[in-house]
Structures are given as C-alpha cells and as structure tokens.
Amino acid sequence: MEALLQQIAALKADIEKTAEEGADALEAYRLKYLSAKGLVKSIFGEMKSVPADKKKEFGQILNEFKQIAENKYAAWKEKLEENPGMGAASTVDLTLPGDAIPLGTRHPINHFLDHVISIYQRLGFSVAEGPEIEDDWHNFTALNLPEHHPARDMQDTFYIQRNPDWLLRTHTSNTQTRAMETQSLPIRIICPGRVYRNETVSARSHCFFHQIEGLYVDENVSFADLKQTLYFFVQEMYGKNIKIRFRPSFFPFTEPSAEMDVQCQICHGEGCAVCKRTGWLEILGCGMIHPKVLENCGIDSNKYTGFAFGMGIERPAMLKYGINDIRLFSENDVRFLRQFTSNT
Ligand code: DAH
C-alpha cells in the first residue's frame with residue numbers, strides 16, 4: 001500500500017511536469033495515462049491487492065489521481081484547438097534569414113528639393129509655404145498682372161468652377177505676396193511647392209510640376225546680392241567650376257528681370273540635343289521686385305528693395321539624374337522611384 005501511494009505521488013508529479021506541446025505530444029500523453037493500457041487503468045488494477053479496510057480511502061486517492069490525469073488532458077486539448085501551432089516553436093530555425101520588409105524611398109523630386117532647400121538655408125533663408133488653391137489677387141493681381149494683362153497668357157490657368165476668383169496657383173510666387181503682406185521685414189524666405197498649368201502632357205511638360213521661389217526684402221538689397229546668392233546656389237549644386245550667365249528678360253513682377261542659364265551639364269557646353277545645341281540651359285527667372293508689387297503688399301518701396309527668383313524643380317532634377325521623361329515622376333512606378341536612394 002505504501003509503495004502504491006508513492007507511485008501515485010510520483011505519477012502526479014510527472015503529469016504536472018509534462019510540457020503541453022503539439023498534437024503528437026498530447027496523443028503520447030493519452031496513451032501513457034488514459035488509454036486501455038495506460039497507467040491510470042493499471043493503477044486501478046492494484047485495487048484488488050489493497051486490504052478491505054483501506055479500500056475506501058485508496059479508492060478516493062485513485063479517483064483524485066484519475067481526475068488530475070483527465071483534467072490535464074481536457075485542458076491541453078482545448079488549448080491545442082485554440083492554438084494549433086502550440087509547441088511548434090521548437091521547430092523554428094532561428095538561423096534562417098528573415099523576410100525583408102519592403103521600404104519606400106524618398107521621391108526623387110523631394111530628394112532634389114531637400115537638397116536645394118538645404119543650400120539656401122545655409123544662406124539664412126527659411127522655408128515658407130502657401131496654398132495650392134489660390135485667389136486671383138495673390139497669384140496674379142498683386143504681382144502686377146492685372147486682369148486682361150497679356151502676360152497672364154504666359155501661364156495657362158486652371159480655374160475653380162465653384163468660385164471664379166479661385167484658381168490652382170500657376171507659380172509659387174503666390175507665396176511671396178502672402179509673405180510680404182503678413183511678415184515683418186526683413187524677409188528672407190524660400191517657398192517650395194507644387195504648381196499647375198493647363199498644358200498638354202508630354203515628355204517635356206506636365207500640367208503640374210514643382211517650383212521653388214526665393215525672396216529677400218530689406219533696406220539696400222541690390223542686384224549684386226541676387227547674383228551672388230544664385231551663384232552660391234549653383235556652385236553648391238553643380239560644383240565650383242560651373243559657368244552661368246544672366247540674360248535680360250521680362251516678368252511683370254520684377255524690374256529689371258533676368259533669366260539665369262547654367263552651362264549644360266550633359267555636354268559641358270559643347271552643344272547637344274538636351275541644350276538644343278546652345279551649350280546653355282535656362283534654370284530660373286529672377287529680378288528686383290517691382291516697386292508696384294511692394295506697394296501692393298503694403299511695403300514702402302522708397303525705403304525697401306528686394307529680389308526674387310523662381311526655379312522649376314523637374315528640369316534641373318532631370319538633368320541631375322539623367323531622366324528623359326517628366327511623366328515618370330508622377331506615374332508611381334516603384335521600379336523608377338527606387339533608383340534614387342543615394343544622397344545628391
Ligand atoms: N513665377 C515665374 C514663373 O513661374 C518665375 C519667376 C520669375 C519667379 C522671376 C520670380 C521672379 O520670383 O522674380 O515663370
């Protein structure tokens with residue numbers, strides 16, 4: 001009897017220790033303890049050797065043991081049904097390489113824009129942003145482009161049907177008017193953003209693209225300051241040996257106005273298809289802010305002067321990365337987008 005009790009205690013401890021793993025382990029447990037030839041049955045078989053006066057006490061111990069063995073089985077089975085992968089951890093090979101998480105990349109336009117911004121920030125310019133849906137005043141009239149002015153035709157405009165005074169901004173110059181109206185002087189800002197024009201989409205032009213506008217208004221700002229600022233920019237962007245030239249031009253919002261060309265980076269001035277055999281590429285428009293524009297924005301044009309410039313982003317980015325079709329930027333083909341992960 002003593003030996004039997006010890007055996008039962010040892011079996012209880014074994015049951016408790018048995019790790020609850022997968023279906024095979026559960027079946028092995030069932031065969032060992034609960035089947036017709038299992039330990040529970042065989043211990044019950046010992047009943048006959050127990051003296052009659054102890055049978056009741058022993059019977060209780062046996063029943064308790066059987067209950068423990070069955071409870072464990074039932075609980076284990078339920079857990080396994082809820083989690084069929086249970087106990088499978090031991091089959092995971094931790095040395096296998098993991099699945100690569102697909103990472104997006106910075107869009108080449110943002111990549112290029114960030115680089116442009118960082119150059120102007122070193123000169124003390126800070127970033128300002130304006131709305132893409134703009135009113136006529138900030139996009140045109142305040143910039144000395146009154147209604148019916150022929151220069152408006154330079155920028156084919158999308159108008160908003162709900163309100164004829166609203167349009168999709170045709171240039172980031174809208175942000176300079178907003179800044180001059182609201183900020184205190186001196187103002188030294190760059191304004192990056194998306195602009196829209198009603199143009200036929202082709203390899204070279206799109207109905208939306210990006211620009212960055214620059215603006216500096218203070219006392220005694222001169223054309224020499226403008227030239228030096230732009231010169232610093234192109235040297236940082238294209239290298240110290242870059243050649244540039246200014247050509248006189250016309251914009252209603254600047255006087256005098258100029259366009260700046262950089263030496264073609266594809267043929268280095270020799271002449272090629274990209275620069276139409278001239279050796280030069282126009283990258284921006286600029287000039288001294290027209291006194292009328294300053295006055296329109298509430299700035300005393302006798303006391304203050306300023307310069308402004310506006311540069312497209314797509315064209316210089318295409319040059320820098322050797323991209324030959326502007327539509328690629330907005331087609332969201334990851335095979336294209338993935339190619340621009342390095343630093344500019
Ligand atoms: N807004 C002009 C355009 O979109 C670019 C431009 C030219 C901006 C001269 C300026 C400027 O600020 O001074 O074509």
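Nothing fancy with the numbering, it's 1 onward along the sequence. Just so you know, ligand 1 is whichever comes first in the structure, and atom 1 is the first atom listed for that ligand.
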Q. Quick one: does ligand 1 sit under 4.0 Å from the side chain of Ser173, the backbone, both or neither, non-hydrogen atoms only?
A. side chain

Q. So between Phe209, Phe253, Phe250, whose heavy atom ends up nearest atom 2 (C) of ligand 1?
A. Phe253

Q | Numbering as shown, the atoms of ligand 1 that approach Thr254 to under 4.0 Å (heavy-atom distance) | A | 13 (O)

Q | Gap separating the OG1 atom of Thr172 from the CD1 atom of Ile212, nearest 0.5 angstrom | A | 8.0 Å

**Q.** Part of Met288 with heavy atoms under 4.0 Å of ligand 1, whether side chain, backbone, both or neither
**A.** neither

Q: Could you verify whether a donor N or O on one side chain and an acceptor N or O on the other, from Glu236 and His115, lie under 3.5 Å apart?
A: no

Q. About how many Å separate CD of Gln176 and CD1 of Ile190, when rounded to the nearest 0.5 Å?
A. 13.5 Å

Q: Check Phe307 against ligand 1 and report side chain, backbone, both or neither, counting heavy atoms closer than 4.0 Å.
A: neither

Q.
Using a 4.0 Å cut-off to any heavy atom of Gln176, which atoms of ligand 1 qualify?
A. 12 (O)

(Q) What I want to find out is whether Arg247 reaches Glu259 closely enough, with some N-O distance under 4.0 Å, to be called a salt bridge. (A) yes

**Q.** Numbering as shown, the atoms of ligand 1 that approach Cys286 to under 4.0 Å (heavy-atom distance)
**A.** 9 (C), 11 (C), 13 (O)

(Q) In terms of relative ring orientation, are Phe208 and His206 parallel, tilted or perpendicular, with 30° and 60° separating the classes? (A) tilted

Q. Any ion pair linking Lys292 and Glu255 (charged N to carboxylate O, less than 4.0 Å)?
A. no

**Q.** Those atoms of ligand 1 less than 4.0 Å from some heavy atom in Gly310
**A.** 6 (C), 8 (C), 10 (C), 12 (O)

Q) Atoms of ligand 1 less than 4.0 Å from Ala308 heavy atoms? A) 12 (O), 13 (O)

Q. Taking only heavy atoms of Arg197, which atoms of ligand 1 are found under 4.0 Å from at least one of them?
A. 3 (C), 4 (O), 14 (O)

Q | Close-contact set for ligand 1 against Gly287 heavy atoms, below 4.0 Å | A | 13 (O)

Q: Report the residues that fulfil salt bridge (Lys or Arg N to Asp or Glu O under 4.0 Å) with Asp135, sequence neighbours left out, ordered by chain and then residue number.
A: Arg178

Q: State the atoms of ligand 1, each with its element, that fall below the 4.0 Å cut-off from a heavy-atom position in Phe251.
A: 7 (C), 9 (C)

Q) Mind checking whether Gln211 has a heavy atom under 4.0 Å from ligand 1? A) yes

Q.
Here's a test for you: under side chain to side chain contact (heavy atoms under 4.5 Å, CB included), which of Glu21, Lys72, Glu20 qualifies with Tyr29?
A. Lys72

Q.
If we check ring-ring contact (aromatic ring centres under 6.0 Å, His included) with Tyr120, which of these qualifies: Phe125, Tyr216, Phe232?
A. Phe125

